[in-house]
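Comments concern the structure below.
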Amino acid sequence: MELYVINPFQSTTPHFPVIGMIPSYYSLLWNPQLYGLGYFQVKVAATQENVNLLKKGRFLVRQEDIHQESSLIYENAMVIRDVTIDYNADQGYIMTVEGKSIKDILSQRIIWDQYVCNNQQLPSVIYDLMQRI
């Protein structure tokens with residue numbers, strides 16, 4: 001089973017392009033959930049290519065979860081949350097990449113801008129905030 005890496009931050013189109021592929025790995029735990037958050041863990045050799053591809057915030061998707069209809073559809077995509085590199089005497093340097101289902105993005109708090117009121121009266125603060133909407 002091949003894993004594809006998607007970088008959502010490089011895309012200039014609404015469709016996220018595949019930027020690389022992980023053809024082989026030591027172990028893969030892929031647990032999608034219908035209700036709730038799924039998770040994954042993959043252990044790969046810590047080659048320069050894998051280190052460049054597998055970075056926090058990027059998406060992983062299995063080959064069987066990519067569907068081509070009028071556009072690309074990624075089912076059960078996962079977000080990389082943690083990357084560690086360890087040394088094993090038998091296998092050398094090994095990357096352990098872990099993360100959660102893409103639904104985890106919905107639980108993040110996003111703050112676009114900050115507003116400082118500097119001892120203004122409440123009606124003027126409310127007016128200023130309403131003008132920003």
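The first residue of the sequence shown is numbered 1, and numbering continues consecutively from there.
- Distance check: Gln41 CD to Glu98 CD gives 4.5 Å after rounding to the nearest 0.5 Å.
- Closest non-hydrogen pair, Lys56 versus Arg81, comes out as CE-O, 3.5 Å.
- Among residues at least two apart or in separate chains, side chain to side chain donor-acceptor pair (under 3.5 Å) pairs with a member in residues 116-126 are Tyr115-Gln120.
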Using the rule given for side chain to side chain contact (heavy atoms under 4.5 Å, CB included), can you reason through Val79 versus Lys100, listing the C-alpha separation, both sets of side-chain angles and the distance that settles it, and then say yes or no?
CA-CA 6 Å; Val79 180; Lys100 294 185 178 181; 5.9 Å; no
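- Checked against side-chain contact (heavy atoms from CB on, under 4.5 Å), Asn52 has the following partners two or more places apart in sequence or in another chain: Gln48.
- Interatomic distance, CG of Leu37 versus CE of Met78, reported as 9.5 Å (0.5 Å rounding).
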Steps toward side chain to side chain donor-acceptor pair (under 3.5 Å) verdict (Gln33, Tyr35)
CA-CA 5 Å; Gln33 297 286 321; Tyr35 301 106; over 6 Å; no
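- Atom OH of Tyr26 has more than 12 neighbouring heavy atoms from other residues, nucleotides or ligands inside a 6.0 Å radius.
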Using the side chain to side chain contact (heavy atoms under 4.5 Å, CB included) rule, take Tyr87 and Ile94 through it: C-alpha gap first, then chi angles, then the decisive distance, then the call.
CA-CA 6 Å; Tyr87 180 75; Ile94 297 175; over 6 Å; no
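- Of all the heavy atoms in Asn76 and Trp30, the pair that sits closest is O-CZ2, 3.2 Å.
- Heavy atoms of other residues, nucleotides or ligands lying less than 6.0 angstrom from CD of Glu49 number 12 at most.
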Quick one: do Met21 and Val5 satisfy side chain to side chain contact (heavy atoms under 4.5 Å, CB included)? Show the steps, please.
CA-CA 6 Å; Met21 181 183 70; Val5 182; over 6 Å; no
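- With rounding to the nearest 0.5 Å, the separation of CG in Leu53 from NZ in Lys55 is 9.0 Å.
- A side-chain contact (heavy atoms from CB on, under 4.5 Å) with Arg58 is found for one member of Val83, Val97, Ile19, Ile6 and no other, namely Ile19.
- Of all the heavy atoms in Val44 and Ser24, the pair that sits closest is CG1-O, 4.0 Å.
- Between Leu54 and Leu60 the shortest side-chain heavy-atom distance falls below 4.5 Å.
- Exactly one residue among Thr47, Ile85, Asp86 makes a side-chain contact (heavy atoms from CB on, under 4.5 Å) with Tyr93. That residue is Ile85.
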Do Ile22 and Glu2 pass the side chain to side chain contact (heavy atoms under 4.5 Å, CB included) test, and can you show the C-alpha distance, the side-chain angles, and the key distance before you say yes or no?
CA-CA 6 Å; Ile22 309 296; Glu2 295 173 341; over 6 Å; no
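- Between Tyr39 and Leu29, the closest heavy-atom pair is CE1-CD2, 3.7 Å.
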